[in-house]
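A quick write-up on the structure given underneath.
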Amino acid sequence: MATEKVYTDYFFDEPAFNTHDGGYIPLVRPDVAENKLNVPEILEPDKETDTDMYYTVVAQEGETQFLPGKKTKTWGYNANYLGKSIVFKNGKHIHVTLKNELPELTTFHWHGLNVPGPITDGGCHAPVYPGESSEIEFTCDQPAATLWLHAHPCPSTAEHVWKGLATGVIVKDDVEAKLPLPRNYGVDDIPVILQDRNFHENNQLDYLADYDPDGVQGPTALINGTVNPYFDVTTQQVRLRLLDGANRREWRLHFSDDLEFTQVASDGGILPSPVHFTHLMLTCAERAEIIVDFGKYKPGDEVTLYTDDVAIMTFKIHEFAHHDLKLPEHLVDIPDPEITPDTPVHQVAMSGMDEMVEMNGKKFDMQRIDDRQKLGNVEVWSIINTNDKDSGMLHPYHMHGTQFRVISRNGHAPYPNEMGLKDTVSVNPGEVVKLKVWFTHLGVFMNHCHIIEHEDGGMMAQFEVFDPDQPKQYKLMDMDTLMNAFAKERGVDRKDLNIPGMDM
Ligand code: C2O
Ligand code: CU
Ligand code: CU
């Protein structure tokens with residue numbers, strides 16, 4: 001359709017882009033051979049019935065050949081680095097055995113999944129100690145979406161993710177299944193997990209050596225754990241499930257020839273209508289499913305994906321059957337419940353940078369509940385980034401336990417690709433973003449900046465979703481217990497424990 005609007009800018013405030021940070025580390029395309037993109041295998045269920053699915057997720061140590069020469073010591077979920085993709089079907093009752101084969105405690109957080117907190121959700125209150133396992137179960141009750149699983153043992157989340165503990169989670173449902181979208185996993189539907197790392201001597205990672213309280217970065221892009229990747233295109237359209245899985249890096253994506261693409265889903269699922277772009281920016285933890293149409297290319301052509309001006313991936317065009325995808329103007333209905341009358345507006349202020357980061361003027365405390373919302377209520381959360389407009393940074397704000405709607409940015413309409421469900425929304429310096437938030441499960445949940453060093457550094461809080469008819473007591477984890485466990489597992493004295501976020 002010639003009348004379709006095509007967006008050609010990144011929306012966010014340019015002075016706040018990470019390229020302006022003092023500690024910014026530009027990506028450098030490594031001088032190594034191209035590698036076939038790793039497409040993570042799908043995790044096979046241990047058992048599946050008409051109503052239930054059973055999985056075992058193992059956090060394990062491994063070695064990964066990222067670069068020529070020595071393999072890199074890494075961590076992963078049922079894999080050496082990152083993990084197998086986990087597929088849940090909406091409506092099924094899911095049982096997961098969480099197994100920790102690492103030398104230290106970790107947690108298994110289901111980012112974007114609507115499950116009870118704080119144990120099933122898998123934040124800092126749910127450690128699984130080395131050599132142990134625990135069982136969770138929940139009913140998958142949300143629309144088709146690209147979510148993810150990552151480690152969340154505060155304040156060591158950033159280091160665990162840096163070592164590789166993150167993987168894609170795909171929710172499927174009957175609504176998405178009826179849309180004319182590519183969904184042949186590995187062929188025309190692939191996860192694209194965007195990360196960056198720094199490789200030290202013998203190709204090893206060294207988180208502490210690279211530590212930066214504003215977020216750890218490295219000069220080498222890894223896509224699904226592949227350095228310098230290419231993907232063989234054998235269909236006219238390819239669906240990319242993009243995830244910013246980096247600790248700090250923002251991705252400003254565009255293709256060679258300024259090839260247009262279409263976003264069909266955001267964090268929490270399919271958008272109400274497709275949105276057409278030439279440029280798309282993702283901040284930490286955000287997801288976007290995009291459809292790229294290679295119809296104008298012929299076998300032998302190559303299409304390059306860039307972030308800023310650095311090439312990060314090549315699409316090699318092969319023979320494909322031509323068939324034009326006709327996406328309907330309207331894809332799905334997005335729930336938009338009425339705000340519960342006479343409820344207060346929740347205020348969240350993200351302030352500071354470096355070690356000074358705080359939320360509502362405080363550092364995170366896992367024993368303190370900072371806010372409460374009644375189960376079933378629909379309430380407004382008002383998120384402000386108090387950083388200076390000229391020198392501040394974007395803070396991607398994330399809430400556990402919900403998929404929310406973005407109401408406004410400084411009183412204006414949200415960006416055109418924010419009309420669906422979200423669990424992470426980036427806030428410009430000086431901006432107020434209003435959210436409409438509701439919950440379907442009880443629990444204690446966390447809300448934080450998803451620059452992972454900021455959350456570890458204390459730009460994080462927690463809230464309780466409560467029901468006056470079923471009051472609950474939660475046994476919350478405390479810093480001492482976690483620190484003592486880490487010290488014991490790492491074989492050091494508590495006072496010699498070196499976890500950068502722990503002084504918060
Ligand atoms: Cu991606 Cu607190 O999580
Ligand atoms: Cu989360
Ligand atoms: Cu932040």
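Read the numbers this way: they start at 1 and go in the same order the structure lists the ligands and their atoms.
For the residue pair H450/R248, the side-chain donor-acceptor check at 3.5 Å is not satisfied.
Note on H448: its N/O/S atom closest to atom 2 (Cu) of ligand 1 is NE2. When atom 1 (Cu) of ligand 1 is compared with the N/O/S atoms of H450, atom NE2 turns out nearest.
Among the atoms of H400, an N, O or S atom falls under 2.8 Å from atom 2 (Cu) of ligand 1. Coordination check, C449 versus the Cu ion (ligand 3): passed, since an N/O/S atom of the residue sits under 2.8 Å. For atom 2 (Cu) of ligand 1, the N/O/S atoms of H111 include none lying under 2.8 Å. Atom 1 (Cu) of ligand 1 has an N, O or S atom of H150 closer than 2.8 Å. Distance check for H152 against atom 2 (Cu) of ligand 1: an N/O/S atom falls below 2.8 Å.
Heavy-atom neighbours of K488 NZ from other residues, nucleotides or ligands within 6.0 Å: at or below the threshold of 12.
Here H395 contributes ND1 and H454 contributes ND1, and at the Cu ion (ligand 3) these two atoms make an angle of 110°, given to 10°.
Using cut-offs of 30° and 60° for the angle between ring planes, the H400 and H448 rings count as perpendicular. Between H95 and H93, the angle of the ring planes goes over 60°, which puts this pair in the perpendicular group of the 30/60° scheme.
Tested against Y81 for a ring-ring contact (aromatic ring centres under 6.0 Å, His included), the candidates W75, W162, F66 yield a single pass: F66.
Two rings, from F17 and F12, have their centers 6.0 Å or more apart.
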